[in-house]
Amino acid sequence: MKRSEKLKYYMYMALFRPLSWLPLCVLYRLSDLLYMILYHCVHYRIDVVRRNLSESYPDKTTEERLEIERGFYRQLADNFVETIKLLHISDSQMRRRITVDNVEAVEKAAADNRPVILFLGHYCNWEWVTAITLFYDRPEISVQLYKPLHDKAFEKVMLKVRSRFHSISIEKNKAFRELLRMRRDIGSFMAGFIADGRSNTRKTRYHTQFLRHDTTFYPGGEEIGNRMDAVYKYLDVSKTGRGHYRFAIKDIVPDPDSGEYPVTRKYLQMLEATIDREPAYWLWSHRRWI
């Protein structure tokens with residue numbers, strides 16, 4: 001890292017570290033202020049959000065979509081302060097704030113010496129998902145994939161946050177080689193794939209219906225999983241209160257004759273059902289179709 005990037009990293013940490021020491025009840029007051037700034041002042045990506053919502057929920061009224069929109073910006077602000085809190089939050093507090101259903105499925109895969117591919121979306125606070133390692137003993141290794149940021153100093157901050165619960169971060173463009181090596185060397189592990197972002201159209205040839213759109217997808221997780229004889233799971237996330245989440249680990253059972261890459265197609269169906277249940281908690285500000 002260059003000297004200028006190191007300086008920027010220390011500046012970020014000088015800001016975020018003291019904030020992480022504050023209790024969440026105080027951080028949520030800051031979140032309320034951030035919501036006002038993002039939504040009412042700077043209108044952060046509001047055109048993208050409104051277009052995504054209007055095309056995904058054409059049958060909803062304008063007021064219903066506005067209610068989802070406001071809920072999205074509140075959750076986005078909460079995600080920011082909750083992610084900062086990961087720099088300081090204790091294991092015991094995380095165990096009080098999240099619950100995990102069906103960890104037995106993960107432990108069974110580890111007992112069978114098979115890796116687990118865990119699909120999830122940008123839903124609720126995905127940065128808190130790494131805390132599921134607190135709820136099982138095996139597999140001992142958990143990894144998540146990430147896309148490198150242009151701001152290397154901020155990327156280093158996020159990698160520090162994401163390693164809070166001893167998981168390993170792997171760049172997406174290195175995932176295939178690294179995960180196959182891990183399969184060969186250690187056998188069983190958990191690998192998290194967030195696979196609901198905009199696909200690289202140069203690589204994508206596959207289409208499915210997702211949130212009332214014809215949607216391209218890149219089946220990298222399924223391709224890697226097939227090479228490793230992996231077990232596929234979906235993480236169904238729900239919000240049970242402010243700063244409280246339930247993570248349910250569910251089997252991905254593909255539909256018969258659903259076409260190529262049936263696991264990825266089924267995952268997107270399951271994610272759609274999660275989003276339809278409480279639409280405000282998905283990341284509507286990314287350009288999924290635009």
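Numbers here are sequence positions counted from 1. Keep in mind it's a predicted model, so treat the numbers as computed, not measured.
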* Check the angle between the aromatic planes of Phe247 and Tyr245 and answer parallel, tilted or perpendicular using the 30° and 60° thresholds. =>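 Rings of Phe247 and Tyr245: parallel, under 30°.
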Would [X] and [Y] pass as an ion pair if we require N to O under 4.0 Å?
X	Y	result
Glu55	Lys60	no
Glu178	Arg181	yes
Arg288	Asp196	no
Asp255	Lys266	yes
Lys108	Asp112	yes
Asp59	Arg65	no
Arg242	Asp32	yes
Arg277	Asp236	yes
Asp78	Lys239	yes
Glu155	Lys152	yes
Glu127	Arg162	yes

* **Non-neighbouring partners of Arg45 that pass salt bridge (Lys or Arg N to Asp or Glu O under 4.0 Å), sequence neighbours left out** =>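 Scan of Arg45 (salt bridge (Lys or Arg N to Asp or Glu O under 4.0 Å), adjacent residues dropped) gives none.
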Is it true that a side-chain atom of [X] and a backbone atom of [Y] form a donor plus acceptor pair closer than 3.5 Å?
X	Y	value
Tyr28	Gly243	yes
Ser188	Arg114	yes
His244	Thr240	no

* To do: Please report the closest heavy-atom contact between Tyr123 and Val237, naming both atoms and the distance.
  =>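 Tyr123 and Val237 have their closest heavy atoms at CE2-O, 3.2 Å.
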* Asp276 versus Tyr57, side-chain donor and acceptor atoms under 3.5 Å ->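 The criterion, which ignores hydrogens and geometry beyond distance, is satisfied for Asp276 and Tyr57.
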* Between the side chains of Asn79 and Tyr281, does any donor sit under 3.5 Å from an acceptor? ->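 Judged by distance alone, the side chains do not pair up.
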Does [atom1] belonging to [X] count more than 12 external heavy atoms closer than 6.0 Å?
X	atom1	answer
Arg227	CZ	no
Asp137	CG	no
Glu140	CD	no
Tyr10	OH	no

* Pairing residues for Ser4 by the side chain to side chain donor-acceptor pair (under 3.5 Å) criterion, not counting sequence neighbours ->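 By the side chain to side chain donor-acceptor pair (under 3.5 Å) rule, Ser4 matches no residue at all.
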* To do: Would you verify whether the NZ or CZ of Lys156 falls within 45 degrees of the ring axis of Tyr9 while also being under 6.0 Å from that six-membered ring's centre?
  =>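 The answer is yes, since Lys156 meets both limits relative to Tyr9.
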